[in-house]
Amino acid sequence: MESRVIMHVDANSAYLSWEAVNRLLHGDTLDLRTVPSVVGGDPLTRHGIVLAKSIPAKKFGIKTGETIWEAKAKCPELVIVPPDYSLYMRCSTAMGDILREYSPLVEQYSVDEYFLVYTGCQTLFGDPVEVAHRIKDRIREELGFSVNVGVSSNKLLAKMGSELQKPDRVHTLFPEEVPTKMWPLPVEELFAVGRATSKKLYDRRVQTIGELANSDPKWLELFLKSHGRLIWNYANGRDVSLVRINRHPVVKSMGNSTTLPFDIDNCREAYLVLLSLVETVASRIRAAGYCCQLVAVSIKDNEFLYRSHQRKLYDPADSTNLIHQTACELFDELWRGQPLRHLGVSAAELCSNEFLQMSLFNELNEKQRDLDKAIDSIRKKHGSLAVHRASFIRSGLKPMTGGTGEEVEYPVMSSLL
DNA sequence: TCTGGGGTCCTAGGACCC
DNA sequence: TCTGGGGTCCTAGGACCC
């Protein structure tokens with residue numbers, strides 16, 4: 001069997017680079033990439049975390065995910081810009097369009113990452129490493145931002161390769177290069193080794209990827225279960241997962257959640273927030289032609305304690321009111337009166353809605369579906385704010401919450417490759 | 001001036017059935 | 001009747017990813 005050639009293409013500091021490019025395009029003279037800067041949420045609405053940082057900001061020790069407040073303390077002259085998700089979608093798509101010129105097998109892994117199967121394309125475009133450089137340079141010249149490209153024979157190594165040194169670089173990480181290029185790295189840099197796993201490994205004196213690779217998988221399984229075997233294989237450069245074309249992505253769940261500007265302390269308001277979340281979730285489900293058979297509600301209180309309840313439905317549902325009804329019942333199970341800062345609704349066990357469309361259900365459901373359908377089409381034509389439920393009037397709450405502004409047309413794929 | 005939002009997968013325990 | 005054990009479904013929670 002011919003060995004595979006896989007590339008992983010990763011936009012460098014994606015949100016920040018894209019903001020920088022867009023601002024230059026619109027006449028700004030300052031290139032955000034050249035100064036300490038971050039893309040971040042608004043602390044006044046309690047969304048104040050760093051979503052992306054420039055390389056100069058990184059030199060101040062600023063990290064993604066930390067609070068704007070902490071970042072400012074590290075660098076008082078820090079430039080902070082708000083996120084613009086619809087811009088990021090456009091940049092993401094433009095990147096994918098270039099990649100598809102080099103292979104039909106392209107998987108969008110996240111908003112700023114793609115896998116590309118180059119196996120068999122050599123005869124058309126030539127040596128993989130040369131093509132990786134060409135792709136990288138074309139994206140920089142045509143779209144204005146830099147990427148890293150990792151080249152290897154499986155997805156894991158291609159991805160690890162693209163992370164090696166940034167920005168604007170191509171790296172190979174073939175299996176024979178694993179001991180020299182990957183094994184010296186600290187274990188937390190391995191894909192699928194997060195905070196909890198790296199702590200357990202450090203507690204047991206496993207500090208580098210090489211030490212993990214050369215430890216006994218049976219021993220790893222004692223304290224990491226099946227995850228131990230997985231990361232042991234990864235550390236040894238082994239991964240058999242396939243690149244999946246996103247044309248027919250299998251979405252497993254759809255959810256929306258929100259951190260509220262102020263704590264919620266009564267169930268009337270909570271029900272309303274749940275409704276605004278369900279409006280978004282249910283319309284996404286319907287737009288995709290799905291029904292859900294499971295509804296989940298999550299809460300986070302003012303002490304950051306997180307809990308969730310879920311319930312399987314007797315009949316698959318896609319109606320806003322039905323899902324909201326279930327969500328409120330789940331909320332009642334969960335809530336013990338503590339002030340809440342965050343609410344979430346998720347719909348899972350998705351199935352096709354064809355069965356429902358056959359109208360085997362009672363008249364009430366029929367009317368409910370017609371109503372949802374009518375509302376969806378008005379919103380599609382005139383915008384999501386064109387029609388909303390009267391209960392939101394003077395509530396101070398948004399009638400639809402969640403999402404990124406635009407309908408996101410790609411899935412966020414599995415955490416495992 | 002604290003700490004986002006979108007996902008997937010795995011595990012453990014209880015219920016229930018045979 | 002004195003004690004088992006498989007299999008499946010459901011639920012809660014945790015870990016990981018971008």
Side-chain angles (χ1 to χ4, degrees), chain A residues 8 10-11 13-15 39-52 63-73 76 78 80 82-83 85 88-89 92 108-114 156 159 163 188 190-200 221 224-231 234 241 244 249-261 277 280-281 284 293-300 302-314 330 333-334 341-350 401-405 407-408 410-417:
Chain A
H8 180 253
D10 190 341
S13 333
Y15 287 5
V39 175
D42 182 3
L44 288 178
T45 56
R46 309 202 293 190
H47 287 65
I49 64 154
V50 173
L51 297 164
K63 296 187 184 79
T64 302
E66 77 182 351
T67 59
I68 294 291
W69 177 71
E70 287 170 305
K72 259 185 179 163
L78 187 69
I80 303 161
Y85 294 102
Y88 309 153
M89 296 308 138
S92 182
Q108 180 155 24
Y109 182 69
S110 73
V111 70
D112 63 339
E113 289 178 53
Y114 286 86
L156 174 90
K159 181 159 167 59
E163 313 259 305
E188 66 271 20
L190 183 65
F191 183 82
V193 177
R195 223 188 28 220
T197 304
S198 63
K199 184 183 183 309
K200 287 181 188 170
E221 280 175 331
L224 294 173
K225 309 290 174 192
S226 66
H227 197 62
R229 177 71 61 168
L230 180 81
I231 60 173
Y234 284 178
S241 63
R244 298 197 281 176
V250 184
V251 181
K252 301 278 177 69
S253 70
M254 292 184 179
N256 283 114
S257 63
T258 188
T259 292
L260 300 145
L277 290 164
T280 314
V281 170
R284 288 172 63 201
Q293 295 181 90
L294 186 82
V295 176
V297 169
S298 61
I299 62 172
K300 201 193 284 175
N302 60 348
E303 291 176 332
F304 276 78
L305 293 173
Y306 175 93
R307 296 196 312 133
S308 70
H309 272 196
Q310 61 184 53
R311 186 188 299 169
K312 177 124 178 136
L313 304 177
Y314 286 109
L330 288 164
E333 290 174 23
L334 269 171
R341 67 141 40 212
H342 176 103
L343 283 168
V345 175
S346 182
E349 290 185 27
L350 303 178
T401 308
T404 50
E407 202 39 52
V408 185
Y410 67 91
V412 177
M413 301 306 279
S414 146
S415 63
L416 300 181
L417 298 168

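Values below: all heavy atoms of this structure, side chains included; hydrogens, waters and symmetry mates excluded. First the proteins, then the strands, lettered A, B, ... as listed; each starts at 1.
Candidate nucleotides C:dA12, C:dT11, C:dC18 were compared by shortest atom distance to the side chain of A:Lys159, and C:dC18 ranks first. Among the nucleotides C:dA12, B:dG6, B:dT3, the one closest to the side chain of A:Ile49 is B:dT3. Of the candidate nucleotides B:dT8, C:dT11, B:dT11, B:dT11 has the atom nearest to the side chain of A:Lys225. Listed candidates were B:dG4, C:dC16, B:dT11. Nearest to the side chain of A:Phe304 is B:dG4. Counting only heavy atoms from C-beta on, A:Gln310 has its side chain closest to C:dA12 among C:dA12, C:dA15, B:dG5. Nearest nucleotide to the side chain of A:Glu333, out of C:dA12, C:dC16, B:dT8: C:dA12. Checking C:dT11, B:dT8, B:dG5 against the side-chain heavy atoms of A:Leu294 singles out C:dT11 as nearest.
At C:dA12, one or more side-chain N or O atoms of A:His309 fall inside 4.0 Å of OP1 or OP2 (strictly under the cut-off). For A:Ser308 and C:dT11, the shortest distance from a side-chain N or O to OP1 or OP2 is not below 4.0 Å. In terms of phosphate contacts, A:His342 brings a side-chain nitrogen or oxygen within less than 4.0 Å of OP1 or OP2 of B:dG5. Note on A:Arg341: every side-chain N or O is 4.0 Å or more away from OP1 and OP2 of B:dC2. Between A:Thr259 and B:dT3, a side-chain N or O to OP1/OP2 separation shorter than 4.0 Å is absent. Close to C:dC18, at under 4.0 Å from its OP1 or OP2, lies no side-chain N or O of A:Thr64. In this structure, A:Ser110 does not reach the B:dG6 phosphate: none of its side-chain N or O atoms is under 4.0 Å from OP1 or OP2. Between A:Thr67 and B:dT1 there is no side-chain polar atom (N or O) within less than 4.0 angstrom of OP1 or OP2. Taking 4.0 angstrom as the limit, A:Asn256 places a side-chain polar atom (N or O) nearer than this to OP1 or OP2 of B:dG6. Checking the phosphate oxygens (OP1, OP2) of C:dA15, no side-chain nitrogen or oxygen of A:His227 falls inside 4.0 Å. Look at A:Lys312 and you won't find any side-chain N or O under 4.0 angstrom from OP1 or OP2 of C:dT11.
In this pair, A:Tyr85 and A:Tyr15 present their aromatic rings perpendicular. The plane angle is above 60°, beyond the 30 to 60° band.
For the pair A:Glu113 CD and B:dG6 C1', the interatomic distance rounds to 14 Å; values are reported in whole Å. Distance, A:Asp112 CG to C:dC18 C1': 7 Å, rounded to whole Å. We find that CD1 of A:Ile80 is positioned 15 Å from C1' of B:dG4, with the value rounded to whole Å. The separation between A:Leu343 atom CG and B:dG4 atom C1' is 14 Å, rounded to whole Å. Here the P atom of nucleotide C:dT11 and the CD atom of A:Gln293 are 12 Å apart, to the nearest Å. Between A:Tyr306 atom OH and C:dG14 atom C1' the separation is 10 Å, expressed in whole Å. One interatomic measurement links the two molecules: CD1 of A:Ile231 to P of B:dC9, which rounds to 19 Å at whole-angstrom precision. Distance A:Phe191 CZ to C:dC16 P: 11 Å, rounded to the nearest Å.
Toward the 5' end of DNA chain B, the nearer of the two residues A:Ser346 and A:Arg46, judged by each one's closest nucleotide, is A:Arg46. Mapping A:Leu51 and A:Leu44 onto DNA chain B via the closest heavy atom, the residue that lands nearer the 5' end is A:Leu44.
Across all strands shown, A:Gly41 has no heavy atoms under 4.0 Å from either base or sugar-phosphate atoms.
Side chain of A:Ser346 to backbone of A:Ala296: no donor-acceptor contact under 3.5 angstrom is found. Counting only distance, with no hydrogens or angles, the side chain of A:Arg307 and the backbone of A:Ile299 share no donor-acceptor pair below 3.5 Å.
A salt bridge between A:Lys252 and A:Glu349 is absent, with no side-chain N of the basic residue lying under 4.0 Å from a carboxylate O of the acidic one. Salt-bridge formation is not detected for the pair A:Glu70/A:Lys63: no Lys NZ or Arg NE/NH1/NH2 atom is positioned less than 4.0 Å from an Asp or Glu carboxylate oxygen.
The glycosidic torsion of B:dC2 lies within 90° of 0, which places this base in the syn conformation.
Between A:Ile68 and A:Ile80, the closest side-chain pair of non-hydrogen atoms falls below 4.5 Å.
Checked against a 6.0 Å centroid threshold, the rings of A:Tyr109 and A:Tyr114 do not count as neighbours.
Comparing the same atom, P, in B:dT3 and in C:dC18 gives a spacing of 24 Å after rounding to whole Å.
Pair assignment for B:dC18: C:dG5, on the basis of Watson-Crick or G-U wobble contacts that are both within less than 3.5 Å.
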